[in-house]
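Here is the structure we will look at.
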Protein chains: 2
Amino acid sequence: MDNQERLKRLAKEFSECQNALTAIGDQTRQSIIIAMLENPDEKGIRVGEITKYTNLSRPAVSHHLKVLKDAHFIGVHREGTKNYYYLDPTKSFVLRLKHLIENIETIMNEYYWDNPFGHKKDE
Amino acid sequence: MDNQERLKRLAKEFSECQNALTAIGDQTRQSIIIAMLENPDEKGIRVGEITKYTNLSRPAVSHHLKVLKDAHFIGVHREGTKNYYYLDPTKSFVLRLKHLIENIETIMNEYYWDNPFGHKKDE
DNA sequence: TAGCATGGTTCGTAGGATTCAACCATTCGA
DNA sequence: TCGAATGGTTGAATCCTACGAACCATGCTA
C-alpha cells in the first residue's frame, strides 16, 4: 500500500470517527460516561439518576444520551417506562478510535523516521 | 489500585484530553492535518499553502492552527515572516489519546467480564 | 527607507450546540 | 380507569464556534 493510499484511508477513518470524537470531547458527556462506569452493579443507569448525578435537566441529559447513542457509545434497554442506558458492550467505538490513533501513530512514525525535529532537512 | 481510584484517573485523563478530542473532532482541522501529512518533503507547511488547500480565509486557518497548537498537535517554526507548521514530532497528543483509549478499554473489559450484553443480570 | 509579502489579530455575523420550561406519550399501580 | 412516575420532544433563549473583511505587525528586498 503506497503512501497516498494510506493517507486516503486515514482521511476516511478520520471523518468516520468525527461523531465519536466530538461525543467524548464534551465535558458533560464525559461525566455521563464516568457515571455509568461508577454504577456497574446495575443492568444500566436510568435517566433520572444521571440528572441527579450531573445536576442537569432531563432535556439536556436526553440530548447528550442521544449524541452518545448515535456515536455508538451506549445502548438502551427499556423496561416499562424506565430506560436503562449502558455502555456499548461491543466496544465498537473503542475499537474504532483505537484503530484511528494507531493509524496516526504509524504514519507519523514513518513521517519522522529520519529527523527527531519533525522536519526533514536534507533537500 | 482499586476501582474508584482507577475511575478517578480516567476522569482526569478524560478532561485532560478534552482539547485534543475536540481539536481532531473538527472536519476542517482533520483536513489540515491530512494536508500536513501530504507534504512531508518540507520542514513544515506554510499558512498560505493551507489556505489554498482548504479554500479557507487566513483568519480561519490561523484560528484552527491555534487550536491545534494549543492541543499540542503541531508546532511552529518561524523563518522571517514565514511560519512553518509541522506535526508535533514528540507525538505527545498521540500518546495521550492512546493511553486514554487503552484505559477505557481496560476498564470496560473488566466491566463486562461476566456478561456479553453489557448489563449484569444476576441480582 | 519604501514597498511588498507573510501572517496574526480584531470585530461583527451566521450557524450550531447546550440548556431549561413546558408539554406530551407511555406504562405501572391503586 | 385514574393518577403518578418516567422520560422523549418541542420551542425558545443563550452561549460558543467558525468564518471573512478589514486592519496591523514584522521582516525581506530593492
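Within every chain, numbering begins at 1; the chains are lettered A, B, ... in the order of the sequence lines, protein sequences first and strands thereafter.
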With distance as the sole criterion, is a donor-acceptor pair present between the side chains of B:S92 and B:D88 under 3.5 Å? yes
Pick one for D:dG8: is it syn, with its angle within 90° of 0, or anti? syn
Once you round it to whole Å, what is the distance between C1' of D:dA18 and CD1 of B:I50? 16 Å
When the distance from CG of A:L68 to P of C:dA17 is rounded to whole Å, what number comes out? 14 Å
Is there a donor in the side chain of B:E13 and an acceptor in the side chain of B:N103, or the other way round, less than 3.5 Å apart? yes
Please determine, for D:dA21, whether a Watson-Crick or G-U wobble partner exists with both distances under 3.5 Å, and give it or none. C:dT10
Look at the side-chain heavy atoms of Ile, Leu, Val, Met, Phe, Trp and Tyr, link any pair under 4.5 Å apart, and say whether B:L65 and B:V76 land in one connected group. yes
So, the side chain of B:E102 versus the backbone of B:H99: is there a donor-acceptor pair under 3.5 Å, distance only? no
Is it the case that over 12 heavy atoms from other parts of the model lie below 6.0 angstrom from the CD atom of A:Q4? no
Quick one: on DNA chain C, does A:A60 or A:G80 contact a more 5' nucleotide (nearest heavy atom)? A:A60
Mind calculating the distance between CD1 (B:I24) and P (D:dT17) to the nearest angstrom? 17 Å
Hphob cluster co-occupancy, B:V67 + B:V47, side-chain heavy atoms under 4.5 angstrom: no
Distance check needed: D:dA18 C1' versus B:I32 CD1, whole Å only. 12 Å
Checking side-chain contact (heavy atoms from CB on, under 4.5 Å) against B:L68, which of B:F93, B:F73, B:Y85 comes through? B:F73
Distance, rounded to the nearest Å, where A:Q27 contributes CD and C:dT19 contributes P: 10 Å
Write down the distance between NZ (B:K52) and C1' (C:dA5), rounded to a whole number of angstrom. 13 Å
For D:dA5, the nucleotide meeting Watson-Crick or G-U wobble distances (both under 3.5 Å) is C:dT26
What integer distance in Å separates B:D70:CG from D:dA18:P? 12 Å
Encode nucleotides 4-16 of chain D as B, S and - characters from 5' to 3', where the letter depends on protein heavy atoms closer than 4.0 Å: B to the base, S only to sugar-phosphate, - to neither. --BBBBB------
Within the structure, does a side-chain N or O atom of B:T28 lie under 4.0 Å from either OP1 or OP2 of D:dC19? yes
Rounded to the nearest Å, what distance is computed from the CD atom of residue A:Q30 to the C1' atom of nucleotide C:dT18? 16 Å
Base of D:dG27 relative to its sugar, syn (within 90° of 0) or anti? anti
For the side chain of B:S57, starting at C-beta, report the closest nucleotide among C:dT18, C:dT19, D:dG20. D:dG20
